[in-house]
Amino acid sequence: MDIIITEQPVSVSVPVGYSFTLRCKAEGRTSLRYQWFCQQRSVCRQIPGATKQELPITAQQTQLYTCRINDLYRNVVFSDWVKVEVHQCVARGLPPQLWRGEPVIVLNPTEQRVEVGKPLQLQCAAMGFPAPSYQWYRNGNPLEQQKKKKLWITHAKVSDSGTYLCCASNTHGEHWTNAVDIHIGTCRSEKFFATGKIALLVGNNRYQHHPNLMAPVTDVFELSLLLQQLNFQVVSLLDLNKAEMVTAVSQFLQLLGKGVYAIFYYAGHGYEHLGRNYMVPVDAPQPYSPENCISVQRILQKMQQQRTALNLILLDTCRKWYNPECALSQVQPLEPWGNTVYGYATSEDAEAYELQDGEFSSGIFMKYLKKHILQEKKVTHMLDDVLEDIGRDPLVTGKQVMEIKHTLKEARSLTDPIYPLGAAAERWGRSHEPLSKTVTFPCGAQVKLCFHWLFSNMMYVCAKLQPLPAHITDAHLLLCQPTETVEAATLQESCPDHVESLLASVYKREELDCVFQLCGLQKIQTDVVLQLDLHYTQLSTKQRTCESLQTTLQKSLLGQFFSQSNCSQPNHPRTPARAGSVCLQDASVLSTVPKGQTSLRTGSGHNLPSSNPCSSSIEPEENDESDLSELCSAVLRAGPGQDDP
């Protein structure tokens, strides 16, 4: 009987330092002898002492192996050559501790834009025992000729565009790589695209237990307008408590997806501990406790998990250090995907300052950000320009220096076009809010109602009296809430008065008869009934007459997902919305500070100069809140409206 190999060795793919065994078994008429050989770089050599059926190996470098078997009659046979592929760079924690040889992806393909006629190459890699086989797919269909780690197309065609991924499989199972989009087109395909642009802006001004701020109102408002020019779908929110901030972030995260450009901006009180940043909601008590603040790093981690193309975090807040002895909360490290940019208004352990100029206040950071944000250049280069301008401002020399951190590997700009337009863009912003309408009084007089937003949770109902019928004169219009529908708490102050100056600055060219303000829309959980009172004189009788009409504003889309069951906290009473009727003329003269006079204040409301602007005898504790994803999930389960942001 000739020598028959009954068990061939198998190729393997393992990390460096991994120990395993190659095995070869055979049968013959006499006793058999084994000798193992290895080959590297075309040099084949005998392995000293490797004379058994099993060859123990500790992987160091990729090599080929074979086993020679001979009997006493000088019959000789060689096993198959097998490859031991050794991965020198593997993510920490791979392979898993109880690894049994199933495929483990160690290299994913990357998104590419290729010009028509140029070569297309995609690459992936997986560990496995035995070594995995590969199958590439485009748009869910297997590519019969692409069964290796590297996918190669010599001359790419437009029809080669699509979503690609690869399946690695062996006898223990299969594993899939990430899916990547491949764009084949003309040279314009080298430009970067976003599949959508989504922004969440939060400005906290009115604190229940901490000094009030001024600048976040103006800064959020102005940034919102600039981002809309860049085709971002923006939600801008003022004065949120902890539960409302969690809800807003949850809805924001749901709309992010592959290829989206995502911006999160926060202005308000904050602090830093061991390199992590925390935002202070308006209801946070004094002193801060771990459960009362929001970790920025947790939000960024969740943003990145949505496979966004760009994550931009802009923090216009203080970064003072607190409680260095406090244990750090658990936050997983970010994935090295090269898509993240941090723009800090100030450096570590430093203040962020406000500039007060007449009736408006603005942060130093926003003063220069709005100057450069529309530039068509890489995001990090744009922020470099902001940093340089702040550094030249004599008001904050030696007090505030901007800091930029990033892992952005591609030259993505906020001006990049959107292609294709994602469905998420249609579900964020103001697309479902009420449209203008005209109402008619019994006397025939007509009033046009328009709805304007300075912020997503602040709406102004503006009324304009149309040309009067011939039989009436001297008409005066009043817009208010009927007495029977007004809760006493509804008139509680919850937004800064100087917001009305912003309205005057935007709509100063439009002559309006009256303006009705609805603040804190996220807190309004019912339809809002408005009453229009028209006082006029009848020409025929010279009598003064009053007529009334009521119109209903349906519960806002914002209020639907900020439902009371979602956002109220058992230990803190719900802060009601503010409603009030104001005349535009009155709103335009609220400021008593002469225009052109300026003063500089810190984010905590202190004037400069000061040796310790934010000093306090009570220091906030380190944030160790529950995982944000759990909070968001609980919020979404609690109430209706979770499908409509």
Side-chain angles (χ1 to χ4, degrees), residues 108-113 163 178-183 188-202 223-224 226-236 249 251-266 277 296-316 333-345 365 369-370 372-387 402-425 427-429 645:
N108 281 285
T110 58
E111 181 176 339
Q112 294 187 35
R113 290 170 174 80
T163 301
N178 294 336
V180 295
D181 290 331
I182 304 301
H183 307 274
R188 72 187 290 269
S189 63
E190 296 177 0
K191 183 174 179 63
F192 292 103
F193 293 85
T195 59
K197 293 181 177 181
I198 310 293
L200 173 61
L201 317 181
V202 177
L223 181 58
S224 175
L226 291 168
L227 291 179
Q228 288 173 39
Q229 291 184 49
L230 293 168
N231 294 318
F232 275 83
Q233 295 295 321
V234 181
V235 163
S236 56
V249 169
Q251 296 290 336
F252 173 64
L253 293 173
Q254 285 189 69
L255 296 179
L256 303 186
K258 187 176 180 181
V260 167
Y261 287 14
I263 295 179
F264 178 78
Y265 170 83
Y266 171 74
N277 303 92
V296 177
Q297 276 70 19
R298 291 183 188 273
I299 294 175
L300 181 55
Q301 182 187 84
K302 300 300 180 184
M303 289 171 66
Q304 197 183 57
Q305 289 174 0
Q306 304 303 312
R307 299 175 64 191
T308 45
L310 172 65
N311 293 316
L312 175 59
I313 302 287
L314 298 173
L315 291 181
D316 199 353
L334 296 176
E335 297 287 348
W337 290 342
N339 64 345
T340 298
V341 180
Y342 264 113
Y344 298 97
F365 175 59
L369 179 65
K370 66 185 181 183
H372 296 287
I373 196 170
L374 299 181
Q375 294 179 354
E376 189 173 349
K377 58 172 59 176
K378 186 176 179 180
V379 177
T380 52
H381 296 168
M382 178 272 292
L383 291 176
D384 284 336
D385 293 340
V386 179
L387 185 153
M402 183 186 168
E403 185 175 345
I404 305 168
K405 296 181 180 179
H406 79 94
T407 61
L408 190 61
K409 63 184 179 181
E410 298 168 327
R412 293 188 179 271
S413 166
L414 298 183
T415 61
D416 291 341
I418 300 175
Y419 180 82
L421 182 64
R427 302 175 56 215
W428 193 242

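In this structure, CD in Gln306 is found 6.0 Å from CG in Leu253, a value given to the nearest 0.5 Å. Within the model, atoms CZ of Phe193 and CG of Asp181 stand 12.5 Å from one another, a figure rounded to the nearest 0.5 Å. Rounding to the nearest 0.5 Å gives a distance of 9.5 Å between CD of Glu111 and OG1 of Thr163. Note that OH of Tyr265 and CG of Leu315 are 9.5 Å apart. Values are rounded to the nearest 0.5 Å. Rounded to the nearest 0.5 angstrom, Leu414 CG and Leu374 CG are separated by 9.0 Å. In this structure, CG in Leu227 is found 11.5 Å from CD1 in Ile198, a value given to the nearest 0.5 Å.
Side chain of Thr308 to main chain of Asn339: no donor-acceptor pair is present (N/O by atom type, distance under 3.5 Å, no hydrogens or angles). Between the side chain of Lys302 and the backbone N or O of Val249 there is no donor-acceptor pair closer than 3.5 Å. At least one donor-acceptor pair closer than 3.5 Å links the side chain of Asn108 to the backbone N or O of Asn178. Between the Asn311 side chain and the Leu300 main chain, no donor and acceptor come within less than 3.5 Å of each other.
Taking both residues in full, the closest heavy atoms of Ala262 and Phe252 are given as CB-CZ, 4.1 Å, listed atom of the first, atom of the second, then distance. Heavy-atom minimum distance, Tyr261 versus Phe232: O-CE2, 3.7 Å. Minimum interatomic distance between Val379 and Ser413 (heavy atoms only, all atoms of both residues): CG2-CA, 4.1 Å. Minimum interatomic distance between Thr195 and Lys258 (heavy atoms only, all atoms of both residues): OG1-O, 2.7 Å. Closest of all the heavy-atom pairs between Ser236 and Ser224 is OG-OG, 4.2 Å. Nearest heavy-atom pair across Lys197 and Asp416 is NZ-O, 2.6 Å.
Taking the salt bridge (charged side-chain N to carboxylate O under 4.0 Å, His left out) definition, one finds that Lys378 meets it with nothing, sequence neighbours left out. Among residues two or more places apart in sequence or in another chain, the salt bridge (charged side-chain N to carboxylate O under 4.0 Å, His left out) test is passed with Asp384 by none.
Note: Tyr342 and Tyr344 meet the aromatic proximity criterion, with ring centroids under 6.0 Å apart.
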Exercise. So Met303 and Leu256, side-chain contact (heavy atoms from CB on, under 4.5 Å) or not? Walk me through it.
Worked result: CA-CA 7 Å; Met303 289 171 66; Leu256 303 186; 3.9 Å; yes
For this session: Go through Thr110 and Val180 one step at a time and tell me if the side-chain contact (heavy atoms from CB on, under 4.5 Å) criterion holds.
Result: CA-CA 6 Å; Thr110 58; Val180 295; 5.5 Å; no
For this session: With side-chain contact (heavy atoms from CB on, under 4.5 Å) as the test, would you mind laying out the steps for Gln375 and Thr415 before giving the verdict?
Result: CA-CA 7 Å; Gln375 294 179 354; Thr415 61; over 6 Å; no
Problem set entry | Criterion side-chain contact (heavy atoms from CB on, under 4.5 Å) on Leu383 and Leu369, from CA distance to verdict | CA-CA 8 Å; Leu383 291 176; Leu369 179 65; 4.0 Å; yes
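In this structure, Ile299 and Phe264 have side chains that are in contact, with non-hydrogen atoms separated by less than 4.5 Å. With contacts defined as side-chain heavy-atom distances shorter than 4.5 Å, the pair Gln251/Val235 does not qualify. Using a 4.5 Å cut-off on side-chain heavy atoms (C-beta onward), Leu223 and Lys370 make no contact. Leu314 has its side chain within reach of Phe365: a pair of non-hydrogen atoms, C-beta onward, lies under 4.5 Å apart.
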